[in-house]
Structure formats: structure tokens, C-alpha cells
Amino acid sequence: MTDATPNTKSMDDIMALCKRRGFVYQASEIYGGINGFWDYGPLGAQLKKNLRDAWWQDIVMHPCRGKPGPDGKPVEIVPVDSCIIQNPKVWEASGHVGGFNDPMVDCKETKNRYRADHLLCMGMKGDSTGQIYAYIENNDDSFAAALKKLSKYKKQELTKDDIDICALTALSTEELVVTVGPDAKEAGTLTEPRAFNLMFKTYVGATASEDDVAYLRPETAQGIFVNFKNVVDTTRVGVPFGIAQTGKAFRNEVTPRNFTFRSREFEQMEIEFFCHKDDAPAWYQFWRDERMKWWQEIGLGGNNLQMREHDADELAHYAKDGGGAADVEYRFPFTAPGFGELEGIAYRSDYDLRQHAEHSGAKLEYFDTTRGELAKNGQPKGERYLPHVIEPSAGLDRGVLAILCEAYTPDPDRASGVFMKFHPRVAPIKAAVFPLVNKDGMPEVAATLHAELVRRFGHLGFIETDAKQSIGKRYARMDEAGCPYCFTIDGDTLNDNTVTVRDRDTASQERIALDAVGAFLAEKLGIG
RNA sequence: GCGGGCGUAGCUCAAUGGUAGAGCGUCAGCCUUCCAAGCUGAAUGUUGCCGGUUCGAGUCCGGUCGCCCGCUCCA
């Protein structure tokens with residue numbers, strides 16, 4: 001098999017176009033920028049909104065476009081919009097306070113960095129003197145290398161039965177000085193374990209004391225879990241159902257990289273879908289397939305999109321028997337030939353609700369009146385349980401980036417040299433209206449048509465008009481901005497009330513009636 | 001955070017330690033009846049930022065910020 005185009009696009013060229021055409025700017029650029037933050041310009045802001053709106057429409061307002069769930073019933077999803085700052089106990093319950101503070105160890109010799117809790121140390125049994133050798137947990141090569149170095153140091157052939165093992169984090173400062181790093185030759189090159197807090201910290205209230213510490217949310221998911229009981233109590237939803245929200249999340253990444261792919265401030269689109277434990281595998285399969293299909297339909301239909309099931313050893317311990325976890329991945333120019341994650345679909349069991357129930361003391365169990373054994377009157381007695389959760393969690397900014405990369409289409413045969421092949425549904429500019437020349441009554445007709453299209457389609461994106469310079473230059477500009485259709489008023493329009501429609505992807509034209517333009521565009525935008 | 005590379009106009013790039021430039025794009029006017037045509041004109045830079053060496057720094061040195069690559073990280 002051959003991939004004709006996937007790896008050949010230049011990320012530098014795509015970034016240059018994003019800047020040039022107003023899709024993405026570096027945040028605080030006039031002050032020299034700030035690492036890991038990006039702003040969207042006019043076209044980027046609308047593109048991002050269109051993608052978010054498409055998700056909202058297809059998830060919340062018309063779930064899965066009407067496709068029934070595995071139970072044969074309509075899929076039910078309701079939205080919430082929770083705060084970026086929550087009670088800090090939320091993040092203790094979710095495990096983020098612990099998990100986002102992984103101590104790291106650096107090796108001064110090899111410049112490698114390791115998670116401190118992933119390193120083990122070996123010494124000769126019954127001989128605690130001299131050097132200690134560190135190796136990486138669950139890594140046979142690293143273990144063998146350390147054993148070999150220890151054998152050479154002790155001048156005798158040692159096997160795994162001849163050694164004592166302990167965690168690196170259990171070593172004293174004195175012991176660390178005589179410890180040889182996993183990839184090092186000399187002892188004492190490892191630093192003390194240092195904490196890296198990946199959550200942004202802030203203070204609630206003006207006094208800013210340590211008692212007032214709060215965190216910017218590192219994911220939107222927990223805002224859903226903490227509102228589970230509220231939603232069940234105040235709306236008429238019943239399990240199985242989902243709660244969805246979009247919003248910003250913040251992670252103090254060690255190394256922001258690859259344009260907007262790993263940013264410190266980013267936007268997520270998340271669903272937490274609650275179902276009975278027995279139904280979880282079927283719902284997992286359902287969402288996994290639906291989400292893959294959605295990304296394909298939104299414009300990532302090429303061979304740069306793939307679904308990857310996580311291997312068993314990647315799975316969280318609770319994910320094994322409810323389906324599993326899978327990522328929708330896109331082959332970005334900077335990951336090629338590999339892929340980068342767009343969305344994760346994870347089986348989370350009842351882990352999150354259970355954690356919040358334990359930490360908060362709230363009763364989060366759901367009483368399901370459709371289950372349980374039948375009473376004498378034939379009605380089910382009901383069943384009380386913590387619902388299990390399937391979580392499709394997508395990165396909005398990553399989606400935008402994938403769409404930008406996929407749309408970027410070099411074409412030496414056209415004036416612009418490149419055009420942006422956006423799916424009409426997400427294209428930030430929906431249409432453009434041009435008078436062929438800026439005289440002879442054409443501008444007036446164009447202005448009238450433009451005003452009509454703005455009224456009818458302006459809520460979906462920009463409707464452009466432009467009478468300056470040559471028609472070829474205007475088409476070229478629209479190619480780079482990814483406008484799918486250009487309507488041109490020419491001399492014939494004045495005689496027979498027809499206009500030309502130029503198709504961005506083929507650069508070919510057809511004539512349609514002036515009063516049919518609205519219907520034409522509606523059909524092309526999929527809102528006929 | 002570590003190592004390497006890079007930083008000049010919106011973009012792509014010039015400029016031996018000696019007056020900061022070009023092409024494209026942008027804007028204005030003229031012209032123009034279908035794909036960046038042509039003509040005329042205009043705007044745009046504390047050379048990322050701060051400091052040092054020098055009579056003189058875009059150029060050399062130090063620091064800092066940012067971007068790219070490799071580590072690390074990616075809950």
C-alpha cells in the first residue's frame with residue numbers, strides 16, 4: 001500500500017498560511033509570545049466555532065443524527081457548562097492532585113529524564129557497600145544492563161537471585177550519590193526527585209494565602225461528574241444517557257510542541273455517557289464507531305485518520321472488562337508516519353462517580369426503575385447502582401489543527417499555489433459574491449445578492465464580497481481562505497439573471513439562476 | 001527542564017563590523033467582461049528583547065524570550 005500525499009505537506013508552510021490568512025497567531029506575539037499559548041484570528045475563530053457547533057449539533061441537539069443506540073432507542077444527551085475553577089477537593093478525588101505531581105529525576109550525564117516512581121535500584125545481596133544501579137521498571141533491557149554493570153563492578157557473574165531490589169524513591173541522599181543511572185556510566189549523576197505540577201495553580205479571594213489555593217481544571221470531565229446528581233434530579237433523563245460539554249482546560253505541559261497540538265490552554269469537547277455495567281461493552285463499541293464516523297464526515301475522510309485500540313498494558317485497571325480504550329488518531333505532518341491523538345474513547349467503569357461519592361459523602365447511586373426482579377404487580381422492583389461511564393473526549397483545537405492540515409492542498413496549477421479544501425460545513429467563509437468588473441451595474445446586483453446571503457447564511461460563517469482588482473486575484477484569495485463557492489455577477493447576469501458558480505475544489509464553473517443561489521448554497525452546506 | 005539549530009517588513013529571503021534592501025503580498029487610483037494581467041503611487045522595521053565589546057553592531061560576546069528538532073512529559 002502506498003500513501004500518496006500524507007507525509008509530504010510541510011508544517012512550516014501550513015503555519016505560514018495560518019498566520020498569513022488569519023487562522024492562528026502566537027499569543028502575546030508583540031511581547032515575544034508565550035510558550036504553549038495560541039490565539040485564533042478571524043478565520044480561525046470561525047473555523048473553530050464551526051467545528052464546535054457541528055459537534056454540539058450532532059451530539060447534544062440531534063445525537064448521532066438520529067441513529068439509535070445499541071438498545072434500539074434514541075440516544076439521549078444533555079449539556080452542562082461547568083466552571084473552570086472548582087473546589088480543590090474535586091481534583092483530589094479525581095486523582096489529579098497526586099497524578100499531576102509526578103516526581104522526576106534527571107541524569108546529568110545522559111540528559112535523560114525519568115519518572116522517579118518508574119525507577120528501581122539493585123545491589124548485591126548481602127553486600128550493601130559500593131555502587132547501586134538504577135534501571136527502568138518493567139524494562140528487560142534496562143534490567144539486564146544494570147545487572148551486567150553490577151556484575152562487572154562486583155567482578156563476579158550475578159543473576160537475578162543474587163540481588164536486592166528497592167525503589168529509587170526509597171534511597172537516601174547518601175545512597176543516591178553512589179547510584180548509577182539507567183543509561184549512565186558514572187555514579188552520582190541522578191538528581192533528587194523533583195515534583196512537576198502540571199495543574200495551573202491560582203488563589204480564590206484577594207488574600208492569596210495557601211488556604212485559598214485552587215486549580216484551573218486540567219479536564220472538563222470532572223465538571224460533568226460532580227453535576228451528575230444535579231442533572232438526574234432536575235431533568236427527566238434516565239440511564240442510559242450522556243452529559244456533554246465543551247470548554248477550556250489547562251495543563252502546564254513540560255514541553256508544549258508542534259504548533260497548537262500540545263498547548264497549555266486548550267478546549268475540549270467531552271461526553272460522559274452513563275449506562276448500566278452490563279451494557280457498557282455495547283455502548284463502548286457504539287461510541288467508538290460513531291466518533292470515528294463523525295470525524296470522517298467532518299472532513300477527515302482520507303487515509304490520515306485511524307482508530308487505534310489501546311493495548312492491554314495501556315489500559316487503566318478498571319477499563320479491561322468494559323470494552324477498553326481507543327484513540328481516534330490523525331497523521332499530522334509532524335507525527336508522520338506516526339499518528340497523534342484527536343479523541344480518546346475510554347471505558348471508565350464507575351471509577352469517577354465512586355471517587356466523588358467517597359470523597360464528598362454524597363450518594364451518587366442511580367435508582368433504575370426499569371431493572372430488578374418483577375414485583376407481584378408485574379412492575380420491576382428497580383435496581384440501585386453507580387452507572388458505568390463511556391467517555392468520548394475530543395480535543396477541539398486538535399480537531400481544528402487536523403482540519404487545517406487535511407485541507408491544505410498544494411496545487412502548482414493554480415494562481416494561489418495552494419487551496420484549503422475545507423468541508424463546507426466547517427469552512428469559515430461559506431461563500432463569496434463578486435461583480436466580474438466594478439462597473440456597468442454589476443456591483444449593485446452583487447451587493448443585493450450578498451445582503452441576501454448574509455441574512456440567510458451569515459450565522460454559519462462569513463459571506464464575502466469584493467469588487468477590487470482582477471477576478472483571478474479574488475478567486476485566488478478565496479482558494480487560500482478555503483471558501484467553497486464563489487458567485488460571480490457578469491454581463492450575462494444583467495440580461496438573463498444567471499450567475500456563475502465557481503467550485504473551489506475543481507476551479508470549474510457552472511451557470512445557475514440568480515434567484516436559485518440561496519437554494520444552491522443551502523443544499524451544498526447540507527441545510528437544504 | 002537538558003542538548004542542538006534558528007530569530008531582519010504580513011510572507012520568502014538579501015545585506016565584508018560601515019546609509020537596512022528585494023520579490024511577493026497589502027492599500028489607493030487608473031484600467032480590466034472569468035482565474036494572483038498591466039500602469040502609477042503608498043504604507044510597513046527600535047533587525048525578538050536587554051546588556052556588553054567597538055569610533056561604529058542586523059553582523060562579534062553574554063543573558064533572556066520565542067520557534068523548530070532530539071530527549072523528557074502527554075494524567
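Below, chain A is the first sequence line, B the second, and so on; all start at residue 1. Computed over heavy atoms, backbone and side chain alike; hydrogens, waters and symmetry mates excluded.
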Pair [X], [Y]: side-chain N/O donor-acceptor within cut-off below 3.5 Å:
X: A:Thr220; Y: A:Glu270; result: yes
X: A:Thr498; Y: A:Asp496; result: yes
X: A:Ser393; Y: A:Glu219; result: no
X: A:Arg477; Y: A:Gln469; result: yes

Using the side-chain heavy atoms of [X], tell me which of these nucleotides is nearest: [options].
X: A:Glu480; options: B:C35, B:A36, B:U33; result: B:A36
X: A:Val437; options: B:A36, B:C34, B:U32; result: B:U32
X: A:Gln509; options: B:C35, B:G70, B:C73; result: B:C35
X: A:Arg257; options: B:A28, B:C69, B:C73; result: B:C69
X: A:Ile471; options: B:A36, B:C34, B:C67; result: B:C34
X: A:Lys473; options: B:C67, B:C69, B:U26; result: B:U26

When rounded to the nearest Å, what value does the distance between [atom1] atoms of [N] and [M] take?
N: B:U32; M: B:C68; atom1: P; answer: 48 Å
N: B:G52; M: B:C27; atom1: C1'; answer: 42 Å
N: B:G62; M: B:U44; atom1: C1'; answer: 32 Å
N: B:U53; M: B:G3; atom1: C1'; answer: 28 Å
N: B:G41; M: B:G4; atom1: C1'; answer: 47 Å
N: B:A22; M: B:U47; atom1: C1'; answer: 16 Å
N: B:C60; M: B:G17; atom1: P; answer: 8 Å
N: B:G21; M: B:G45; atom1: C1'; answer: 11 Å

Would you say [X] places a side-chain N or O within less than 4.0 Å of OP1 or OP2 belonging to [N]?
X: A:Arg477; N: B:C35; answer: no
X: A:Asn252; N: B:C73; answer: no
X: A:Lys439; N: B:U32; answer: yes
X: A:Asn35; N: B:C67; answer: yes
X: A:Ser470; N: B:U32; answer: no

Return the value, rounded to whole Å, for the distance between atom [atom1] of [X] and atom [atom2] of [N].
X: A:Trp38; N: B:C68; atom1: CH2; atom2: P; value: 6 Å
X: A:Glu29; N: B:G66; atom1: CD; atom2: C1'; value: 10 Å
X: A:Arg20; N: B:C13; atom1: CZ; atom2: P; value: 12 Å
X: A:Lys19; N: B:C24; atom1: NZ; atom2: P; value: 20 Å
X: A:Phe434; N: B:A36; atom1: CZ; atom2: P; value: 13 Å
X: A:Ile14; N: B:C67; atom1: CD1; atom2: C1'; value: 16 Å
X: A:Arg414; N: B:C34; atom1: CZ; atom2: C1'; value: 14 Å
X: A:Ile34; N: B:G66; atom1: CD1; atom2: P; value: 7 Å

* For the side-chain hydrogen bond (donor to acceptor under 3.5 Å, both in side chains) test, which of A:Thr488, A:Asp490, A:Thr500 pairs with A:Arg511? ->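 Among A:Thr488, A:Asp490, A:Thr500, the one that satisfies the side-chain hydrogen bond (donor to acceptor under 3.5 Å, both in side chains) with A:Arg511 is A:Asp490.
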* Asked: Given A:Asp479, which of A:Arg414, A:Arg474, A:Arg504 fulfils the side-chain hydrogen bond (donor to acceptor under 3.5 Å, both in side chains) condition?
  ->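 With A:Asp479 as partner, A:Arg414, A:Arg474, A:Arg504 yield a single side-chain hydrogen bond (donor to acceptor under 3.5 Å, both in side chains), made by A:Arg414.
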* **Residue pair A:His356 / A:Val90, side-chain heavy-atom distance below 4.5 Å** =>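 The answer is yes, as the side chains (C-beta and beyond) meet within the 4.5 Å cut-off.
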* Below 4.5 Å, heavy atoms only, C-beta onward: do A:Tyr485 and A:Asp503 meet side chain to side chain? ->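 In short, these two side chains touch, coming nearer than 4.5 Å.
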Hey, does [X] reach any base, or is it just sugar-phosphate, or nothing, if we go heavy atoms under 4.0 Å?
X: A:Met442; result: base
X: A:Phe261; result: nothing
X: A:Thr500; result: base
X: A:Gly36; result: sugar-phosphate
X: A:Glu219; result: base
X: A:Asp12; result: nothing

Does the structure show a Watson-Crick or G-U wobble partner for [N], both distances under 3.5 Å? Name it, or say none.
N: B:A37; value: none
N: B:U72; value: none
N: B:C67; value: B:G5
N: B:U26; value: B:A42
N: B:C55; value: B:G18

Give me the ring orientation class for [X] and [Y]: parallel if the planes are under 30° apart, tilted from 30 to 60°, perpendicular past 60°.
X: A:Tyr475; Y: A:Phe434; answer: tilted
X: A:His96; Y: A:Trp91; answer: perpendicular
X: A:Phe332; Y: A:Phe334; answer: parallel

* Asked: Quick one: are the ring centres of A:Phe259 and A:Phe23 less than 6.0 Å apart?
  ->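 Ring-ring flag for A:Phe259/A:Phe23: false, centres at least 6.0 Å apart.
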* Asked: Do the side chain of A:Arg21 and the base of B:G25 come within less than 3.5 angstrom through a donor-acceptor pair of N or O atoms?
  ->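 A donor-acceptor contact between them is absent.
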* Taking atom types as they are modelled, is there a donor-acceptor pair under 3.5 Å from the base of B:C35 to the side chain of A:Arg502? ->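 Yes, the side chain and the base share a sub-3.5 Å donor-acceptor pair.
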* Under the 3.5 angstrom rule, does the side chain of A:Tyr330 hit a backbone N or O of A:Leu300 as a donor-acceptor pair? ->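 Checked: no pair found.
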* Asked: Judged by atom type as modelled, is there a donor-acceptor pair below 3.5 Å linking the side chain of A:Lys9 to the main-chain atoms of A:Thr409?
  ->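 No: the side chain of A:Lys9 does not pair with the backbone of A:Thr409.
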* Asked: Taking the nucleotide of RNA chain B with the closest heavy atom to each, which residue, A:Ala415 or A:Ala16, is nearer the 5' end?
  ->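 Its nearest nucleotide being more 5', the pick is A:Ala16.
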* Got a sec? Which of residues 264-272 of chain A come in under 4.0 Å of RNA chain B, heavy atoms? ->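 Contacting residues: none.
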* In residues 488-499 of chain A, which residues come under 4.0 Å of RNA chain B by heavy atom? ->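 RNA chain B contact set from residues 488-499 of chain A: A:Thr488, A:Asp490, A:Gly491.
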